[in-house]
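The basis for the numbers below is simple: all heavy atoms, side chains too, and nothing from hydrogens, waters or symmetry mates. Residues: numbered from 1 along the sequence shown.
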Amino acid sequence: MKVHALSLGPVQTNCYIIENEETLLVIDPGAEFEKINSLIQNLNKQVEAVLLTHTHFDHIGAVEDLVDAFQVKVYVAEEEKYWLSDPESNGSEKFKSYGLEEIVVRVKPEILRPGQKTLGSFKFDVMHTPGHSPGSLTFVFEDFAVVGDTLFKEGIGRTDLKEGNLQTLMNSIDELMSLPEDTVIYPGHGPKTTLAYESDHNPFL
């Protein structure tokens, strides 16, 4: 299994394309569909699904383009199933003053719940890791996890957006820390890290 990372959009949000021997998963297509599509074409494999760690505007901007191009389903937590189409909830309304457009995604998503999940040839675990947002999810694969904006290298997610909560976030990070310490962490922004590194170097932990 391979992880391909693209840093996209005005706040450099990480979009991940997970590749196995058969197909691809796209996680958090935040913007710049043309760059995502170019990588997909180069990999020359079918897109199995789009997964969203959460539905803030900088993680969902290219969702409709992907669905239109590949006719795939989009998976989110139940707590945020309506946020895709609500600029106030997904935060894009708040940042209009910075020159960003409101984002309204009209795709009807599928619901992801915690536990083991199989999508095509992919098997992974879904963890509910709220705090940055109420429906934040972490996707745990063989030896790595895609954590959205829950945990960063030497940092943690912000909690000043809608329904964010610091104590809830720290509880979610505690759950992440129960994974093997050599688990590679792929965050929503910035470089990858490991749980062992964060345990030793993250000032918030």
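Between the side chains of His132 and Asn165, not a single donor N or O lies within less than 3.5 Å of an accepting N or O. Looking at Asn171 and Glu175, their side chains never bring a donor and an acceptor atom within 3.5 Å of each other. Using modelled atom types and a 3.5 Å distance limit, the side chains of Asn90 and Thr55 yield no donor-acceptor pair. Judged purely by distance below 3.5 Å, without hydrogens or angles, the side chains of Glu102 and Ser92 never pair a donor atom with an acceptor atom. Looking only at atom types and distance, the side chain of Glu19 has a donor-acceptor partner in the side chain of His4 under 3.5 Å away. Side-chain polar atoms of Thr150 and Ser136 form no donor-acceptor pair below 3.5 angstrom.
Relative orientation of the Phe144 and Phe141 rings is parallel, given thresholds of 30° and 60° on the angle between their planes.
Each of Ile40, Leu25, Thr23 was compared with Val47 under the side-chain contact (heavy atoms from CB on, under 4.5 Å) criterion, and only Ile40 meets it.
Not counting sequence neighbours, Glu93 has no partner by the salt bridge (Lys or Arg N to Asp or Glu O under 4.0 Å) test. Taking Glu32 as the reference, Lys35 meet the salt bridge (Lys or Arg N to Asp or Glu O under 4.0 Å) condition, with sequence neighbours excluded. Contacts of Lys81 classified as salt bridge (Lys or Arg N to Asp or Glu O under 4.0 Å), with partners at least two apart in sequence or in another chain: Glu78.
Counting heavy atoms from C-beta outward, Val105 and Ile103 have side chains that approach closer than 4.5 Å. Here the side chains of Leu161 and Lys94 are in contact, with some heavy-atom distance below 4.5 Å. The shortest side-chain heavy-atom distance between Lys162 and Ser133 does not fall under the 4.5 Å cut-off. At a threshold of 4.5 Å between non-hydrogen side-chain atoms, the residues Met177 and Ser199 count as touching. Side-chain contact between Gln46 and Phe70 is absent, with no heavy atoms from C-beta onward closer than 4.5 Å. Annotation: side chain of Phe57 is not in contact with side chain of Glu101 (no heavy-atom distance under 4.5 Å). Taking 4.5 Å as the limit, every side-chain heavy atom of Ile173 sits out of range of all side-chain heavy atoms of Phe204. Annotation: side chain of Phe139 is in contact with side chain of Ile27 (closest heavy-atom distance under 4.5 Å).
For His201 (side chain) and Glu154 (main-chain N/O), no donor-acceptor pair under 3.5 Å exists by modelled atom type. Side chain of Asn37 to backbone of Phe33: no donor-acceptor contact under 3.5 angstrom is found.
Heavy atoms only, all atoms of each residue included: Val67 and Val74 are closest at CG2-CG2, 3.5 Å. The two atoms that bring Pro29 and Cys15 nearest to each other are CA-SG, 3.9 Å, heavy atoms only. Across all their heavy atoms, Ala62 and Ile36 have their closest contact at CB-CD1, 4.0 Å.
Note: Leu119 CG to Leu112 CG = 7.0 Å, rounded to the nearest 0.5 Å.
At most 12 heavy atoms of other shown residues, nucleotides or ligands fall within 6.0 angstrom of atom CD in Gln116. Residue Glu88 places its CD atom among more than 12 non-hydrogen atoms of other residues, nucleotides or ligands, all under 6.0 Å distant. When the shell of 6.0 Å around CD of Glu21 is examined, it contains 12 or fewer heavy atoms from other residues, nucleotides or ligands. Surrounding NZ of Lys192 are at most 12 heavy atoms belonging to other residues, nucleotides or ligands under 6.0 Å away.
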